[in-house]
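Report on one structure; see the data block that follows.
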Number of protein chains: 2
Amino acid sequence: MAQVKNNYQFEDMLQKHNLKKTAPRLRVLSMMYSKNTATSQPDLESVMNDIDRVTLYRILNTFEEKGIIHKVFDLNGTANYAVCHSDCRENHHQDEHLHFNCTLCKNVYCINELNMPKLTLPAGFEAQGFTLYASGLCPKCSKKEQVKMN
Amino acid sequence: MAQVKNNYQFEDMLQKHNLKKTAPRLRVLSMMYSKNTATSQPDLESVMNDIDRVTLYRILNTFEEKGIIHKVFDLNGTANYAVCHSDCRENHHQDEHLHFNCTLCKNVYCINELNMPKLTLPAGFEAQGFTLYASGLCPKCSKKEQVKMN
DNA sequence: TTCTAAATACAATAATGTTGCATTTGTATT
DNA sequence: AATACAAATGCAACATTATTGTATTTAGAA
Ligand SMILES: [Mn+2]
Ligand SMILES: [Mn+2]
Ligand SMILES: [Zn+2]
Ligand SMILES: [Zn+2]
């Protein structure tokens with residue numbers, strides 16, 4: 001479920017990362033932490049339409065650099081941003097988890113409950129990181145489909 | 001390695017999919033089949049700069065629909081296109097393989113030699129398809145790095 | 001050769017992302 | 001509380017990627 005955090009905690013987060021407490025940043029944090037799915041760039045932009053587009057891009061970039069959020073491209077190539085799990089540090093993400101993209105509601109879920117399988121690549125390839133994508137129906141949408149069936 | 005095919009074979013391919021044999025289509029096929037990596041949209045466009053951009057997009061779309069090529073987004077969200085392995089059909093891709101994105105040369109490799117691990121998602125999620133991404137050094141670039149080290 | 005549906009070319013527009021710079025603001029220091 | 005300055009925002013301009021509509025051309029069938 002969505003991690004519940006209040007404004008004080010967001011201010012703390014910014015302070016810990018040596019970032020100034022500003023209204024745009026707090027609003028972005030608040031929005032991202034209020035959901036249990038990633039936030040697409042278009043969504044973010046339409047919700048925060050009073051904040052300059054460039055400011056949003058810069059906020060997302062710095063948050064990513066600081067290890068607060070990570071970027072995921074969904075199956076359509078759209079940029080989505082999700083809050084990082086515990087162990088991400090500045091300029092070093094630790095986000096090897098599955099991303100589930102619902103084909104119906106288009107939401108992207110970070111699935112941390114699944115440990116990545118160990119994989120051996122063909123000779124010559126030196127893998128540094130893995131990401132797993134899955135597409136299909138998320139719990140909400142699969143329920144809706146069930147109802148329609150009956 | 002790159003699948004070697006001649007122009008007659010490309011013409012056959014188009015015919016089998018009920019597509020007219022046109023110069024732009026044959027050139028796109030020829031380019032994609034000549035490489036063992038996916039072709040990025042920008043690359044395609046700069047190489048075929050005499051063909052209209054829109055035409056290229058439409059060729060890529062129809063090829064994808066027909067199951068001739070599949071689209072892969074690399075780690076930067078750039079669209080790449082790769083020739084499909086045997087068993088893709090019209091409007092039904094069968095491309096559950098690993099995509100390896102080299103961090104140095106940026107090339108995207110389709111790794112068919114690896115069978116996808118079976119995964120169980122958390123309750124409620126109904127997965128329809130999986131894609132696995134890996135990033136790191138491809139054989140060529142990892143060799144270059146070796147040489148530099150010495 | 002003629003005919004037509006399909007494909008391409010061209011024009012316009014939308015969506016996404018970046019860069020440079022002027023202005024504003026958070027915060028450390030006095 | 002006032003000052004000072006780096007950091008952040010806002011704005012303008014631009015680049016890239018992608019889509020839509022329509023006129024023109026062309027592959028392939030008749
Ligand atoms: Mn994630
Ligand atoms: Mn592939
Ligand atoms: Zn859903
Ligand atoms: Zn490489």
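Here is how names work: the chains are called A, B, and so on, in the same order as the sequence lines, proteins then strands, and each is numbered from 1. Being a predicted model, the structure only gives us computed values, none of them experimental. Keep in mind that the numbers below use all heavy atoms, side chains included, and drop hydrogens, waters and symmetry copies.
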Practice task
Would you indicate what A/E45 reaches in the nucleic acid, counting non-hydrogen atoms under 4.0 angstrom: base, sugar-phosphate, or nothing?
Solution key: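 Since no nucleic acid heavy atom lies under 4.0 Å of A/E45, the category is nothing.
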Exercise for the section: Scan A/T22 against the nucleic acid and name what it touches under 4.0 Å (heavy atoms): base, sugar-phosphate only, or nothing. Expected result: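 Contact class for A/T22: sugar-phosphate only.
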In whole angstroms, how far is the [atom2] atom of [N] from the [atom1] atom of [X]?
X	N	atom1	atom2	result
B/D52	C/dA12	CG	P	14 Å
A/N61	C/dG17	CG	C1'	10 Å
B/K20	C/dA7	NZ	C1'	6 Å
A/I51	C/dT25	CD1	P	14 Å
A/Y81	C/dT16	OH	P	11 Å

Exercise for the section: Considering only heavy atoms of chain B and a distance under 4.0 Å, specify the first and last nucleotide of DNA chain D in 5' to 3' order that meet this criterion. Expected result: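 Contact boundaries, 5' end first: D/dT17 to D/dG28.
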Practice task
Quick one: look up who C/dT4 pairs with, Watson-Crick or G-U, both distances under 3.5 Å, and put none if it's unpaired.
Solution key: D/dA27
Handout entry: Phosphate OP1/OP2 of C/dA7 contacted by B/R25 side-chain N/O (<4.0 Å)
Key =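 Yes.
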Practice task
Let me know which of B/L14, B/T55, B/I51 forms a side chain to side chain contact (heavy atoms under 4.5 Å, CB included) with B/R25.
Solution key: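 It is B/L14, the one option of B/L14, B/T55, B/I51 that forms the side chain to side chain contact (heavy atoms under 4.5 Å, CB included) with B/R25.
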For residues 120-130 of chain B, please give each side-chain donor-acceptor pair under 3.5 Å, one per line with the distance, not counting sequence neighbours.
none

Practice task
Determine the interplanar angle of the A/F10 and A/Y33 rings, folded into 0 to 90°, and report it as parallel if under 30°, tilted if 30 to 60°, perpendicular if over 60°.
Solution key: tilted
Problem - Closest-nucleotide ordering on DNA chain D, the 5'-leading residue of B/R58 and B/Q15 - result: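 It is B/R58, whose closest nucleotide lies nearer the 5' terminus.
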Handout entry: Donor-acceptor pair, side chain of B/N76 and main chain of B/T78, under 3.5 angstrom
Key = no
